[in-house]
Protein chains: 2
Amino acid sequence: MEKMRSDCPISCSLDVFGDKWSLLIIRDIMLREKVSYSEFLQSEEKIATNILVNRLNVLEAEKILIKEVSEKNKSKFVYSLTQKGADLLPIIIEIMDWGAKYNENCPRKELGKKIKADKAGAIEELSKELKKKVRKKAI
Amino acid sequence: MEKMRSDCPISCSLDVFGDKWSLLIIRDIMLREKVSYSEFLQSEEKIATNILVNRLNVLEAEKILIKEVSEKNKSKFVYSLTQKGADLLPIIIEIMDWGAKYNENCPRKELGKKIKADKAGAIEELSKELKKKVRKKAI
DNA sequence: AATTTGTGCTTGCACTTTGCAAGTACTAAT
DNA sequence: ATTAGTACTTGCAAAGTGCAAGCACAAATT
(Lines give C-alpha, C1' and ligand atoms only; values in the text may rest on other atoms or scores of the structure.)
Protein backbone atom coordinates (compact mmCIF):
# COMPACT_ATOMS: atom_id res chain seq x y z
CA MET A 1 0.00 0.00 0.00
CA GLU A 2 1.36 3.37 -0.98
CA LYS A 3 1.52 6.09 1.63
CA MET A 4 -1.63 8.14 2.09
CA ARG A 5 -1.53 11.88 1.47
CA SER A 6 -4.84 12.67 3.14
CA ASP A 7 -8.15 11.11 4.09
CA CYS A 8 -9.89 12.57 1.03
CA PRO A 9 -11.38 9.72 -1.01
CA ILE A 10 -10.24 11.34 -4.26
CA SER A 11 -6.69 11.65 -3.01
CA CYS A 12 -6.77 8.04 -1.69
CA SER A 13 -8.00 6.77 -5.04
CA LEU A 14 -5.32 8.68 -6.91
CA ASP A 15 -2.72 7.20 -4.56
CA VAL A 16 -3.71 3.82 -6.02
CA PHE A 17 -4.39 4.42 -9.71
CA GLY A 18 -3.39 8.06 -10.27
CA ASP A 19 -0.80 7.48 -13.00
CA LYS A 20 -0.69 7.16 -16.75
CA TRP A 21 -0.78 3.35 -16.89
CA SER A 22 -2.90 1.66 -14.21
CA LEU A 23 -6.28 2.53 -15.72
CA LEU A 24 -5.10 1.41 -19.17
CA ILE A 25 -4.41 -2.06 -17.77
CA ILE A 26 -7.85 -2.02 -16.15
CA ARG A 27 -9.33 -0.93 -19.49
CA ASP A 28 -7.63 -3.83 -21.28
CA ILE A 29 -9.07 -6.36 -18.86
CA MET A 30 -12.45 -4.68 -18.56
CA LEU A 31 -13.24 -3.79 -22.16
CA ARG A 32 -10.79 -5.63 -24.37
CA GLU A 33 -10.81 -9.17 -23.01
CA LYS A 34 -7.08 -9.06 -22.32
CA VAL A 35 -5.92 -11.23 -19.46
CA SER A 36 -2.15 -11.80 -19.61
CA TYR A 37 1.15 -9.99 -19.35
CA SER A 38 1.96 -10.50 -23.02
CA GLU A 39 -1.43 -9.23 -24.13
CA PHE A 40 -1.06 -6.06 -22.03
CA LEU A 41 2.37 -5.53 -23.59
CA GLN A 42 0.87 -5.55 -27.07
CA SER A 43 -1.48 -2.62 -26.44
CA GLU A 44 -0.92 0.35 -28.70
CA GLU A 45 0.34 2.58 -25.88
CA LYS A 46 3.45 0.37 -25.51
CA ILE A 47 3.94 0.09 -21.80
CA ALA A 48 7.49 -0.83 -20.71
CA THR A 49 7.94 -4.28 -19.19
CA ASN A 50 9.22 -3.09 -15.83
CA ILE A 51 6.35 -0.64 -15.47
CA LEU A 52 3.84 -3.34 -16.39
CA VAL A 53 5.20 -5.77 -13.80
CA ASN A 54 5.18 -3.03 -11.19
CA ARG A 55 1.59 -1.92 -11.92
CA LEU A 56 0.27 -5.49 -11.99
CA ASN A 57 1.87 -6.12 -8.61
CA VAL A 58 0.44 -2.91 -7.14
CA LEU A 59 -3.04 -3.62 -8.51
CA GLU A 60 -2.86 -7.17 -7.17
CA ALA A 61 -1.70 -5.92 -3.76
CA GLU A 62 -4.61 -3.46 -3.76
CA LYS A 63 -6.98 -6.37 -4.48
CA ILE A 64 -8.15 -4.80 -7.70
CA LEU A 65 -6.78 -7.70 -9.74
CA ILE A 66 -6.28 -11.38 -9.00
CA LYS A 67 -3.45 -13.35 -10.56
CA GLU A 68 -3.97 -17.04 -11.28
CA VAL A 69 -2.14 -19.76 -13.18
CA SER A 70 -3.76 -20.33 -16.55
CA GLU A 71 -5.59 -23.62 -16.80
CA LYS A 72 -4.65 -24.03 -20.44
CA ASN A 73 -0.98 -23.20 -20.11
CA LYS A 74 0.57 -23.67 -16.69
CA SER A 75 3.53 -21.41 -17.46
CA LYS A 76 1.15 -18.56 -18.04
CA PHE A 77 -0.65 -16.26 -15.62
CA VAL A 78 -4.11 -14.89 -16.05
CA TYR A 79 -5.31 -11.65 -14.46
CA SER A 80 -8.94 -10.94 -13.65
CA LEU A 81 -10.93 -8.27 -11.86
CA THR A 82 -12.20 -8.46 -8.31
CA GLN A 83 -15.46 -6.71 -7.45
CA LYS A 84 -13.35 -3.78 -6.28
CA GLY A 85 -11.73 -3.70 -9.71
CA ALA A 86 -15.01 -4.12 -11.55
CA ASP A 87 -16.38 -1.15 -9.58
CA LEU A 88 -13.89 1.05 -11.43
CA LEU A 89 -16.14 0.71 -14.48
CA PRO A 90 -18.05 3.99 -13.97
CA ILE A 91 -14.76 5.87 -13.66
CA ILE A 92 -13.44 4.29 -16.86
CA ILE A 93 -16.68 5.10 -18.69
CA GLU A 94 -16.73 8.72 -17.56
CA ILE A 95 -13.09 9.20 -18.52
CA MET A 96 -13.77 7.64 -21.92
CA ASP A 97 -16.78 9.87 -22.46
CA TRP A 98 -14.91 13.03 -21.51
CA GLY A 99 -11.93 12.08 -23.67
CA ALA A 100 -14.10 11.38 -26.69
CA LYS A 101 -16.05 14.59 -26.20
CA TYR A 102 -13.05 16.88 -26.01
CA ASN A 103 -10.40 15.25 -28.18
CA GLU A 104 -10.75 15.43 -31.92
CA ASN A 105 -8.14 12.72 -32.33
CA CYS A 106 -10.22 10.21 -30.38
CA PRO A 107 -13.16 9.19 -32.56
CA ARG A 108 -15.97 7.39 -30.74
CA LYS A 109 -16.08 3.75 -31.69
CA GLU A 110 -18.82 1.24 -30.91
CA LEU A 111 -18.76 1.56 -27.12
CA GLY A 112 -18.21 5.32 -27.30
CA LYS A 113 -21.36 5.79 -29.33
CA LYS A 114 -23.33 3.57 -27.01
CA ILE A 115 -22.18 5.66 -24.07
CA LYS A 116 -23.10 8.89 -25.79
CA ALA A 117 -26.58 7.56 -26.56
CA ASP A 118 -27.29 5.99 -23.16
CA LYS A 119 -24.54 6.22 -20.57
CA ALA A 120 -26.45 4.70 -17.67
CA GLY A 121 -27.64 1.83 -19.85
CA ALA A 122 -24.14 1.11 -21.13
CA ILE A 123 -22.75 1.06 -17.60
CA GLU A 124 -25.49 -1.23 -16.35
CA GLU A 125 -25.07 -3.66 -19.22
CA LEU A 126 -21.28 -3.82 -18.90
CA SER A 127 -21.55 -4.07 -15.15
CA LYS A 128 -23.69 -7.19 -15.43
CA GLU A 129 -21.22 -8.82 -17.78
CA LEU A 130 -18.31 -7.99 -15.48
CA LYS A 131 -20.11 -9.43 -12.49
CA LYS A 132 -20.12 -12.86 -14.11
CA LYS A 133 -16.35 -12.78 -14.45
CA VAL A 134 -15.46 -11.34 -11.04
CA ARG A 135 -12.98 -13.43 -9.02
CA LYS A 136 -13.10 -13.52 -5.25
CA LYS A 137 -9.99 -15.64 -4.71
CA ALA A 138 -7.72 -18.02 -6.60
CA ILE A 139 -9.47 -21.01 -8.24
CA MET B 1 -0.18 19.60 -25.39
CA GLU B 2 1.55 16.43 -24.27
CA LYS B 3 2.36 13.79 -26.81
CA MET B 4 -0.42 11.31 -27.56
CA ARG B 5 0.13 7.63 -26.92
CA SER B 6 -2.86 6.40 -28.88
CA ASP B 7 -6.26 7.50 -30.15
CA CYS B 8 -8.06 5.78 -27.26
CA PRO B 9 -10.11 8.39 -25.38
CA ILE B 10 -9.09 6.91 -22.03
CA SER B 11 -5.42 7.12 -22.95
CA CYS B 12 -5.87 10.68 -24.29
CA SER B 13 -7.58 11.74 -21.07
CA LEU B 14 -4.84 10.21 -18.93
CA ASP B 15 -2.27 12.05 -21.05
CA VAL B 16 -3.85 15.24 -19.71
CA PHE B 17 -4.78 14.51 -16.09
CA GLY B 18 -3.34 11.06 -15.41
CA ASP B 19 -1.14 11.97 -12.48
CA LYS B 20 -1.40 12.30 -8.73
CA TRP B 21 -2.05 16.06 -8.63
CA SER B 22 -4.13 17.46 -11.51
CA LEU B 23 -7.47 16.11 -10.32
CA LEU B 24 -6.79 17.36 -6.78
CA ILE B 25 -6.47 20.91 -8.13
CA ILE B 26 -9.70 20.38 -10.08
CA ARG B 27 -11.32 19.10 -6.89
CA ASP B 28 -10.21 22.18 -4.97
CA ILE B 29 -11.76 24.51 -7.53
CA MET B 30 -14.83 22.37 -8.12
CA LEU B 31 -15.82 21.36 -4.61
CA ARG B 32 -13.86 23.52 -2.20
CA GLU B 33 -14.25 27.03 -3.61
CA LYS B 34 -10.49 27.47 -3.91
CA VAL B 35 -9.39 29.79 -6.69
CA SER B 36 -5.77 30.88 -6.18
CA TYR B 37 -2.25 29.56 -6.13
CA SER B 38 -1.86 30.18 -2.41
CA GLU B 39 -5.12 28.43 -1.61
CA PHE B 40 -4.13 25.34 -3.60
CA LEU B 41 -0.81 25.28 -1.75
CA GLN B 42 -2.64 25.08 1.57
CA SER B 43 -4.46 21.86 0.77
CA GLU B 44 -3.72 18.98 3.09
CA GLU B 45 -1.90 16.95 0.42
CA LYS B 46 0.89 19.57 0.35
CA ILE B 47 1.70 19.94 -3.33
CA ALA B 48 5.16 21.36 -4.09
CA THR B 49 5.26 24.86 -5.58
CA ASN B 50 7.00 23.87 -8.81
CA ILE B 51 4.54 21.02 -9.41
CA LEU B 52 1.60 23.32 -8.74
CA VAL B 53 2.84 25.94 -11.22
CA ASN B 54 3.46 23.24 -13.82
CA ARG B 55 0.01 21.64 -13.39
CA LEU B 56 -1.79 25.00 -13.48
CA ASN B 57 0.00 25.85 -16.72
CA VAL B 58 -0.82 22.47 -18.28
CA LEU B 59 -4.47 22.69 -17.23
CA GLU B 60 -4.66 26.23 -18.58
CA ALA B 61 -3.01 25.17 -21.87
CA GLU B 62 -5.54 22.33 -22.12
CA LYS B 63 -8.33 24.87 -21.64
CA ILE B 64 -9.59 23.15 -18.52
CA LEU B 65 -8.84 26.21 -16.39
CA ILE B 66 -8.79 29.91 -17.14
CA LYS B 67 -6.42 32.28 -15.35
CA GLU B 68 -7.53 35.84 -14.72
CA VAL B 69 -6.31 38.80 -12.69
CA SER B 70 -8.27 39.14 -9.49
CA GLU B 71 -10.57 42.13 -9.44
CA LYS B 72 -10.04 42.67 -5.74
CA ASN B 73 -6.27 42.38 -5.75
CA LYS B 74 -4.51 43.06 -9.02
CA SER B 75 -1.34 41.27 -7.96
CA LYS B 76 -3.34 38.09 -7.53
CA PHE B 77 -4.54 35.55 -10.09
CA VAL B 78 -7.81 33.67 -9.96
CA TYR B 79 -8.38 30.31 -11.61
CA SER B 80 -11.80 29.11 -12.74
CA LEU B 81 -13.20 26.17 -14.68
CA THR B 82 -14.14 26.21 -18.33
CA GLN B 83 -17.04 24.03 -19.47
CA LYS B 84 -14.43 21.42 -20.42
CA GLY B 85 -13.14 21.54 -16.86
CA ALA B 86 -16.61 21.50 -15.34
CA ASP B 87 -17.36 18.38 -17.38
CA LEU B 88 -14.78 16.55 -15.31
CA LEU B 89 -17.32 16.54 -12.48
CA PRO B 90 -18.72 13.03 -13.15
CA ILE B 91 -15.18 11.62 -13.14
CA ILE B 92 -14.41 13.35 -9.85
CA ILE B 93 -17.65 12.10 -8.32
CA GLU B 94 -17.09 8.50 -9.43
CA ILE B 95 -13.53 8.53 -8.12
CA MET B 96 -14.76 9.96 -4.82
CA ASP B 97 -17.46 7.32 -4.53
CA TRP B 98 -15.07 4.45 -5.28
CA GLY B 99 -12.48 5.79 -2.86
CA ALA B 100 -14.99 6.18 -0.07
CA LYS B 101 -16.44 2.71 -0.71
CA TYR B 102 -13.13 0.85 -0.60
CA ASN B 103 -10.98 2.85 1.77
CA GLU B 104 -11.63 2.59 5.49
CA ASN B 105 -9.47 5.65 6.10
CA CYS B 106 -11.69 7.86 3.95
CA PRO B 107 -14.92 8.45 5.83
CA ARG B 108 -17.78 9.85 3.75
CA LYS B 109 -18.50 13.43 4.66
CA GLU B 110 -21.47 15.53 3.59
CA LEU B 111 -20.99 15.24 -0.16
CA GLY B 112 -19.96 11.61 0.09
CA LYS B 113 -23.19 10.70 1.81
CA LYS B 114 -25.23 12.62 -0.71
CA ILE B 115 -23.51 10.73 -3.51
CA LYS B 116 -24.13 7.39 -1.85
CA ALA B 117 -27.80 8.22 -1.42
CA ASP B 118 -28.41 9.69 -4.89
CA LYS B 119 -25.41 9.87 -7.18
CA ALA B 120 -27.25 11.13 -10.27
CA GLY B 121 -29.02 13.79 -8.24
CA ALA B 122 -25.81 14.97 -6.63
CA ILE B 123 -24.09 15.24 -10.02
CA GLU B 124 -26.99 17.13 -11.55
CA GLU B 125 -27.20 19.57 -8.67
CA LEU B 126 -23.46 20.28 -8.62
CA SER B 127 -23.39 20.50 -12.38
CA LYS B 128 -25.97 23.28 -12.34
CA GLU B 129 -23.99 25.22 -9.77
CA LEU B 130 -20.80 24.83 -11.78
CA LYS B 131 -22.47 26.02 -14.96
CA LYS B 132 -23.14 29.39 -13.35
CA LYS B 133 -19.43 29.85 -12.68
CA VAL B 134 -18.03 28.59 -15.97
CA ARG B 135 -15.68 31.02 -17.76
CA LYS B 136 -15.43 31.13 -21.52
CA LYS B 137 -12.63 33.67 -21.78
CA ALA B 138 -10.95 36.31 -19.69
CA ILE B 139 -13.24 38.97 -18.24
C1' DA C 1 10.32 57.06 1.22
C1' DA C 2 11.45 52.77 3.33
C1' DT C 3 9.85 48.47 5.11
C1' DT C 4 6.97 44.62 5.45
C1' DT C 5 3.66 41.42 3.70
C1' DG C 6 1.41 38.79 0.19
C1' DT C 7 1.47 36.51 -4.20
C1' DG C 8 3.18 33.94 -8.03
C1' DC C 9 6.93 31.85 -9.79
C1' DT C 10 12.02 30.04 -10.44
C1' DT C 11 16.20 27.62 -9.24
C1' DG C 12 19.26 24.06 -7.47
C1' DC C 13 19.85 19.64 -5.82
C1' DA C 14 18.78 15.04 -4.21
C1' DC C 15 15.80 11.47 -5.06
C1' DT C 16 12.42 8.64 -7.54
C1' DT C 17 10.15 7.09 -11.49
C1' DT C 18 10.08 6.11 -16.25
C1' DG C 19 11.59 4.40 -20.85
C1' DC C 20 14.39 1.53 -23.40
C1' DA C 21 17.41 -2.37 -24.47
C1' DA C 22 19.10 -6.44 -23.16
C1' DG C 23 19.20 -10.57 -20.63
C1' DT C 24 17.52 -14.49 -17.29
C1' DA C 25 14.67 -18.42 -15.77
C1' DC C 26 11.32 -21.44 -16.60
C1' DT C 27 7.73 -24.09 -19.42
C1' DA C 28 5.82 -26.01 -23.57
C1' DA C 29 6.06 -27.43 -27.98
C1' DT C 30 8.78 -29.43 -31.95
C1' DA D 1 18.15 -31.02 -28.10
C1' DT D 2 16.37 -27.00 -29.92
C1' DT D 3 13.20 -23.44 -30.44
C1' DA D 4 9.54 -20.47 -29.04
C1' DG D 5 6.64 -18.45 -25.54
C1' DT D 6 5.95 -16.32 -21.00
C1' DA D 7 7.03 -13.62 -17.00
C1' DC D 8 10.19 -11.06 -15.04
C1' DT D 9 14.91 -8.58 -13.93
C1' DT D 10 18.75 -5.53 -14.66
C1' DG D 11 21.45 -1.51 -16.12
C1' DC D 12 21.44 2.97 -17.45
C1' DA D 13 19.99 7.42 -19.32
C1' DA D 14 16.23 10.66 -19.22
C1' DA D 15 12.42 12.74 -17.12
C1' DG D 16 9.62 13.86 -13.22
C1' DT D 17 9.09 14.87 -8.21
C1' DG D 18 9.92 16.82 -3.46
C1' DC D 19 12.07 20.14 -0.78
C1' DA D 20 14.40 24.38 0.53
C1' DA D 21 15.64 28.59 -0.75
C1' DG D 22 15.34 32.22 -3.26
C1' DC D 23 13.48 36.30 -6.81
C1' DA D 24 10.19 39.88 -8.76
C1' DC D 25 6.48 42.53 -8.27
C1' DA D 26 2.33 44.86 -6.06
C1' DA D 27 -0.10 46.38 -2.07
C1' DA D 28 -0.24 47.72 2.53
C1' DT D 29 2.07 49.66 6.56
C1' DT D 30 5.21 52.67 8.95
Given [options], identify the nucleotide with an atom nearest to the side chain of [X].
{"X": "A:Lys76", "options": "D:dT6, D:dT17, D:dC8", "result": "D:dT6"}
{"X": "A:Ser38", "options": "D:dC8, D:dG18, D:dT6", "result": "D:dT6"}
{"X": "B:Tyr79", "options": "C:dA21, C:dC9, C:dG19", "result": "C:dC9"}
{"X": "B:Ser75", "options": "C:dT27, C:dG8, D:dA27", "result": "D:dA27"}
{"X": "B:Lys67", "options": "C:dC9, D:dC8, C:dT18", "result": "C:dC9"}
{"X": "B:Trp21", "options": "C:dA28, D:dG18, C:dC20", "result": "D:dG18"}
{"X": "A:Thr49", "options": "D:dG18, C:dA22, C:dG8", "result": "C:dA22"}
{"X": "A:Asn50", "options": "D:dA7, C:dC20, D:dG18", "result": "C:dC20"}
{"X": "A:Asn73", "options": "D:dC8, D:dT6, C:dG12", "result": "D:dT6"}

**Message:** Students often get this wrong, so: under 4.0 angstrom with heavy atoms, is A:Tyr37 touching a base, only sugar-phosphate, or nothing?
**Reply:** base
**Message:** Once you apply a heavy-atom cut-off of 4.0 Å, does A:Lys46 come out as touching a base, just sugar-phosphate, or nothing?
**Reply:** nothing
**Message:** Under a 4.0 Å threshold between the charged nitrogen and the carboxylate oxygen, would A:Lys20 count as salt-bridged to A:Glu45?
**Reply:** no
